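Take a look at the structure set out below.
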Amino acid sequence: MTMRSTRRQFSASALAAMTLVTLPKRLMASSQSFAGGKLHSFSDGPMNLPIESVFYDIFGDDRQKYLKAAKISDGIWRRAVNVNLLEVGERKILFDVGSGLNFLPTLGELPAALDAAGVDIGTITDVVFTHAHPDHIWGILDDFDDLLMPDAAYYISQAEWDFWDSDDAVSVMVPGRESFAVGAKSRFDKLRDQISFFKGGDEILSGIEAVDTSGHTPGHASLLIHDSAGPVLIAGDALTHPVISIEHPQWHDPADMDREAAALTRKRLLDRLATDKIGLAATHLPAPGFGWVESNQSVWRYIAADS
Ligand SMILES: [Zn+2]
């Protein structure tokens, strides 16, 4: 398909979102249509972090480079947390689940956003994780630490599971982030009996292919939705910022566990997205996080769907 038709397709989806204008803006969903179904973007709430915690080991001019690229002037790194739901046939497939109530006070709004859009969380059939960081997996639990979606099937990459399920995970966390490992393991304990594992290249569900995008975490995966209207990649945290990770993929992102591997993954992914004209849906790109990547004289640029 051509880039032009991709843009039209995304514009139509923006119109679809207008049906929900009576909702508070933070709970509004955006949607795009496929030949075979609909892909929605819900917000789990804004993620606001002091820059000292984000750029904890990047100082001086190096830090200024990031702050300038991200236009941060007040010491706060503000990012969206978009959670995608694919409705196709009888299935409702959620990609990641947000953070629930125990990570940051501004997050954990996914259940309210689903409810506001008329989606009964109990009807979600499948949950596919990109990785096991708190803002992507902690939200599987309710106030009583039981599964919010007890009847769903769950999927994660084998490498991601093996890393966070290991007793060693906590010892390799950056100081102050030990809770990431403890929190992932406690969620895994709830999922152990109903989770399936995949690796890059596997077709997890009909038309949904796993893409190995490790680097951000040891088993990070993105999910490529194949559709006759054009493919879309659920990128997770393989690409997190329109300027920092897309225009400067070689810059090290302090959130990446293996910074060299993550940079290589970004370059490989951006090349594929631009060359194959694959639509992009990503967790931390500005809400609703739908867009695509264009390559212009070896510089990649992010084009938001609503721009
Ligand atoms: Zn994230």
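Every number for a ligand or one of its atoms is a count from 1 in the order of the listing. All of these numbers come straight from a predicted model, not from anything done at the bench.
- Two residues are said to be in side-chain contact when any heavy atoms from C-beta on lie closer than 4.5 Å; Phe163 and His131 fail this criterion.
- Between Arg259 and Asp57 there is a salt bridge, with a side-chain nitrogen of the basic residue lying less than 4.0 Å from a carboxylate oxygen of the acidic one.
- Looking at Asp237, its N, O or S atom nearest to the Zn ion (ligand 1) turns out to be OD2.
- Rounded to 10°, the angle formed at the Zn ion (ligand 1) by OD2 of Asp135 and NE2 of His284 is 90°.
- Not one N/O/S atom of His133, from backbone or side chain, sits under 2.8 Å from the Zn ion (ligand 1).
- Partner of His284 under the ring pair (Phe, Tyr, Trp, His ring centres under 6.0 Å) criterion, chosen from His216, His136, His241: His136.
- Each of Ile234, Ile303, Leu285 was compared with Leu280 under the side-chain contact (heavy atoms from CB on, under 4.5 Å) criterion, and only Leu285 meets it.
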